[in-house]
Amino acid sequence: MNFPGQHIISIDQFDRDAVTRVFDVADQMIPYARRQRITRVLEGAILGNMFFEPSTRTRVSFGSAFNLLGGQVRETVGMDSSSLSKGESLHDTAKVLSGYSDIIVMRHPQAGSVAEFAAASRVPVLNGGDGANEHPTQALLDLYTIRSELAGKGRELAGLRIAMVGDLKHGRTVHSLCRLLQLYKNVKLTLIAPDALQMPERLLENAREAGLSVHTTSAMDEGLREVDIVYQTRLQEERFADPEEARRYRGAFRINQSLYNRLCHPDTVLLHPLPRDSRADANELDNDLNDNPNLAIFRQADNGVLVRMALFALVLDIEKDINKHARDLHWYTPQR
Ligand code: CP
């Protein structure tokens, strides 16, 4: 994969070498993300950060990543604050906004919308999530986190055993992660969901054809045993045509410390792309897990900054110049 100037729309654009390249550059970003060093390599550059669906992590971590490289961020948040709500097309919006920015990140509720936008853009576009379709940068930060958590236990990605739990039909993070795992050897994937919310058939077929061992079940008791990683997901209530149907599944796949003690190996790492639904009737990843050292959800969220800095550096082709524009930092910084 040749990064400079590329749109990042789908995780399928990445091969093993490209993933390794992103992770190597992400590792180089640690002193900057931890505020030990400061770089101004992107001074003068503008990120158009366009989020037409709610977001906390993706929007702010992309923005922070660009700021940490010295660039500035212009945000468009919500459909109502954009002329898309007056009937302007994605094509015209892309033509206009790509004249105002050096690079654009976009999240939109419609599958395929970011690709349509990118086709008309004059600057690189990164997909921050398009409907239930894909979330490629989340998959990269998820795998970066899995690699790092396994390394802490003396393990490698090869031979990974991972269970994905919850709404696998509508969850774009698991769609992209399932595709990304196909690049690795001997991965055992257990998909725990009710039949109606199981991973789309097309993705299951692709995973099996790529050599993954894939097992589907609706039983937590069966699926959570003997795995290295449990990747819990949120019930994507906003993607159901009938809200009543969504409510039927609320709280059906909750994990708490007692379930973890009963079913999981004590080394099992818990991930979630977040947000976790902490309302009492959902409580999908219980607060009683908060002191469990294997709950890696906030390390996972932190890694979003590293991976997104790496993607900006590679796409804007400044990775080799970062240190030239760097200096030590002198204000108080807490331990991260
Ligand atoms: N993981 C993720 O996409 O979170 P946000 O919806 O808060 O961006």
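Every number for a ligand or one of its atoms is a count from 1 in the order of the listing.
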Visitor: Quick one: sort the F14 and F3 rings into parallel, tilted or perpendicular, breaks at 30° and 60°.
Guide: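 Plane angle between 30° and 60°, so tilted.
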Visitor: Mind listing the N or O contacts between ligand 1 and protein, cut-off under 3.5 Å?
Guide:
unit_1: ligand 1; atom_1: 1 (N); unit_2: Q138; atom_2: OE1; d: 3.0
unit_1: ligand 1; atom_1: 1 (N); unit_2: P273; atom_2: O; d: 2.9
unit_1: ligand 1; atom_1: 1 (N); unit_2: L274; atom_2: O; d: 3.0
unit_1: ligand 1; atom_1: 3 (O); unit_2: T58; atom_2: OG1; d: 2.9
unit_1: ligand 1; atom_1: 3 (O); unit_2: R107; atom_2: NH2; d: 2.9
unit_1: ligand 1; atom_1: 3 (O); unit_2: H135; atom_2: NE2; d: 3.0
unit_1: ligand 1; atom_1: 4 (O); unit_2: R57; atom_2: NE; d: 3.1
unit_1: ligand 1; atom_1: 4 (O); unit_2: L274; atom_2: O; d: 3.2
unit_1: ligand 1; atom_1: 6 (O); unit_2: R107; atom_2: NH1; d: 2.9
unit_1: ligand 1; atom_1: 7 (O); unit_2: T56; atom_2: N; d: 2.8
unit_1: ligand 1; atom_1: 7 (O); unit_2: R57; atom_2: N; d: 3.0
unit_1: ligand 1; atom_1: 7 (O); unit_2: R57; atom_2: NE; d: 3.2
unit_1: ligand 1; atom_1: 7 (O); unit_2: R57; atom_2: NH2; d: 2.9
unit_1: ligand 1; atom_1: 8 (O); unit_2: S55; atom_2: OG; d: 2.6
unit_1: ligand 1; atom_1: 8 (O); unit_2: T58; atom_2: N; d: 2.9
unit_1: ligand 1; atom_1: 8 (O); unit_2: T58; atom_2: OG1; d: 2.7
unit_1: ligand 1; atom_1: 8 (O); unit_2: R107; atom_2: NH1; d: 3.4
unit_1: ligand 1; atom_1: 8 (O); unit_2: R107; atom_2: NH2; d: 3.3

Visitor: Using the ring centroid of each side chain, check whether H91 and F117 are separated by less than 6.0 Å.
Guide: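 No; F117 has its ring centre 6.0 Å or more from that of H91.
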Visitor: Is it true that R202 and E209 have a side-chain N and a carboxylate O under 4.0 angstrom from each other?
Guide: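 Not counted as a salt bridge, because no side-chain N and carboxylate O are separated by less than 4.0 Å.
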Visitor: Distance only, no hydrogens: is a donor on one side chain within 3.5 Å (strictly under) of an acceptor on the other, for D142 and Q138?
Guide: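 Yes, side-chain donor-acceptor contact under 3.5 Å.
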Visitor: Specify the closest pair of heavy atoms between H175 and P200, including all atoms of both residues, with the distance to one decimal.
Guide: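 For H175 and P200, the tightest heavy-atom pair comes out as NE2-CD, 3.5 Å.
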Visitor: Counting neighbours of CG on D195 that are heavy atoms of other residues, nucleotides or ligands and sit closer than 6.0 Å, is the number greater than 12?
Guide: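 Not more than 12 within 6.0 Å, no.
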